[in-house]
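Inspection log for the structure reproduced underneath, given as structure tokens.
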Amino acid sequence: MPQDVALGIDVGTSALKGVLVAADGSVVATASADYPLSTPQPGWSEQDPALWWDACGRVCRRLVETPGVTVVAVGLSGQMHGSVFLDRSGAPLRPALLWNDARTGAECAEIERRVGADRLLAITGNRASAGFQAPKILWLRAHEPEQAAQIAKILVPKDFVRLRLTGALATDPSDASGTLLADLARRRYSEELLAACEIPRSWLPEIMESAAITGRVCADGAAHSGLHVGVPVVGGAGDNACAAVGAGVIAAGSGVCSLGTSGTVFVHATRPLIDPEGGLNGFCAATPDGWHVMGVVLSAGGALRWYRDSFEPGSGFDALLDQAASVAPGADGVAFLPYLAGERSPHLDPSARAAWVGLSLAHDRRHMVRAVVEGIGFALTDCLDRMRALGAAPPALVLVGGGASSRIWREILAAQLDLALELRVAQEGPALGAALLAGVGVGLWPTLEAATARAVPRVGERVEPDPDLAARYRTLKPLWRALYPALRVARDPR
């Protein structure tokens with residue numbers, strides 16, 4: 001007799017991943033499909049939404065062919081903040097502007113002028129950031145007015161997949177709070193902000209909680225995906241909120257650190273936590289009574305990939321990290337700022353730029369790659385130290401993402417954060433969290449707590465910070481932090 005499974009789908013920046021989870025918590029099958037990213041100009045980051053839908057079809061078809069399973073629910077996760085502009089027929093008007101697109105600096109300033117920076121922070125928990133949806137809407141109006149005049153709906157990536165799969169328009173509180181148009185505490189859109197930005201409420205999808213059923217697979221969705229008509233699709237959540245669920249981080253004070261293309265530090269709370277300087281992000285969590293405070297480093301694993309592709313093409317990441325391990329902490333005086341795509345936390349500076357500082361004839365590629373790894377870690381430490389100042393001081397962080405697979409990087413990062421890092425025995429990331437939300441939505445598990453207790457893998461390794469290494473990084477941290485303001489002045493002496 002076929003076993004019931006929940007399907008989680010994660011619409012990532014470089015690939016779409018799917019995972020099937022059974023009622024006993026076991027991962028039955030996984031599949032993924034890659035797609036490209038477009039950077040037509042410096043600071044721009046775009047993707048054709050058709051790539052996500054094509055990948056969704058390929059992944060779902062592979063998974064539904066798994067012997068002995070019946071998919072009873074679908075949950076969706078995906079990259080946050082991306083803007084998919086749709087016309088009245090539901091067709092995209094242009095490629096989507098992604099979370100790491102930095103073209104909207106002027107529009108961010110305009111939003112803060114209209115609303116007031118302090119008022120915006122009080123309502124949304126965030127300053128205006130180039131990656132968010134609201135400034136992208138203003139940019140489209142200013143620079144592509146013909147497309148802007150045809151807007152009927154604006155969706156984030158996962159909700160575009162929902163529309164194609166079900167015909168339904170919906171989003172969840174975590175992604176809604178990443179639009180810069182939502183009231184964080186009330187988990188709904190802010191009429192004040194919509195009016196200030198002159199954005200019709202009709203352009204935005206309904207907000208529904210993450211485990212709520214938002215629609216069912218329609219005939220066209222079934223034909224494309226191989227799923228049965230009528231399978232429920234729940235709200236899901238943004239990738240970081242779903243990754244937290246997949247890591248079992250749903251209790252106040254627990255946290256996650258992610259080493260993916262971007263890097264994040266995420267701490268769960270039962271009330272909104274707002275950084276008074278706006279250097280951190282406040283978002284709704286995937287739990288109906290939860291919020292989280294988050295710091296985002298735009299180029300983490302992406303910075304290491306850039307280094308590899310630019311200077312040592314063809315090298316494996318393990319080989320690069322072995323080089324880093326051969327150099328003493330501090331890279332013999334070489335430091336790296338990882339602001340290749342601007343920065344979001346804690347500086348909120350889309351024009352920030354990366355740099356190596358301290359190079360001499362005595363240095364080589366080993367020092368450069370060590371500095372890259374340490375620069376990413378110091379940037380994440382910037383975020384965690386801000387959280388600690390707000391009272392969000394997790395006893396440990398669950399480490400997820402591709403960088404978590406490197407023992408060398410784990411040890412360096414634990415020392416820089418001066419905090420224990422825990423690894424799960426298996427990592428399925430946001431897709432697992434989306435599957436658990438789907439299962440809760442249809443009663444496969446009675447609560448999210450029950451779902452994570454059953455399905456989240458146990459801790460496979462706990463990395464304690466080496467005391468001597470941590471002490472060395474405490475000495476280096478203020479020196480590294482002095483670089484950004486110095487280089488910012490050099491870039492713009494005004």
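- Under a 3.5 Å cut-off, the side chain of S299 and the backbone N or O of G302 do not form any donor-acceptor pair.
- Applying the 6.0 Å contact sphere to CG of D220 captures no more than 12 heavy atoms from other residues, nucleotides or ligands.
- Both tests hold for R103 against W139: distance to the six-membered ring centre under 6.0 Å, angle to the ring axis within 45°.
- Although no hydrogens or angles enter the test, the distance criterion places a donor-acceptor pair under 3.5 Å between the side chain of Q416 and the main chain of E374.
- In terms of the salt bridge (charged side-chain N to carboxylate O under 4.0 Å, His left out) criterion, E343 has no residue partners (sequence neighbours excluded).
- If you check the side chains of D239 and S77, you find no donor sitting under 3.5 Å from an acceptor.
- A donor-acceptor pair is defined here as one N or O able to donate and one able to accept, closer than 3.5 Å; such a pair exists between the side chain of S225 and the backbone of L227.
- For K158 (side chain) and G12 (main-chain N/O), no donor-acceptor pair under 3.5 Å exists by modelled atom type.
- A distance of 6.0 Å or more separates the ring centres of Y307 and F336.
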Run L7 and V19 through side-chain contact (heavy atoms from CB on, under 4.5 Å) and show every step you take. CA-CA 6 Å; L7 167 61; V19 58; over 6 Å; no
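- For the pair H224 and R164, the minimum side-chain heavy-atom distance is 4.5 Å or more.
- Residues T104 and P350 fail the side-chain proximity criterion, which asks for heavy atoms closer than 4.5 Å.
- Inter-residue side-chain proximity for V74 and V234 is flagged as unmet; no heavy-atom pair is nearer than 4.5 Å.
- No donor-acceptor pair under 3.5 Å is formed between the side chain of H268 and the backbone N or O of S254.
- Side-chain contact between L120 and I111 is present, with heavy atoms from C-beta onward closer than 4.5 Å.
- Stacking of R344 on the aromatic ring of W99 is not recorded, the 6.0 Å distance cut-off and the 45° axial limit not both being met.
- Side chain of R127 to backbone of L280: no donor-acceptor contact under 3.5 angstrom is found.
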Do V256 and T264 pass the side-chain contact (heavy atoms from CB on, under 4.5 Å) test, and can you show the C-alpha distance, the side-chain angles, and the key distance before you say yes or no? CA-CA 8 Å; V256 175; T264 62; 5.7 Å; no
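- The aromatic ring centres of Y484 and Y339 sit less than 6.0 Å apart.
- Remark: W306 pairs with S310 by the side chain to side chain donor-acceptor pair (under 3.5 Å) rule, at least two apart or across chains.
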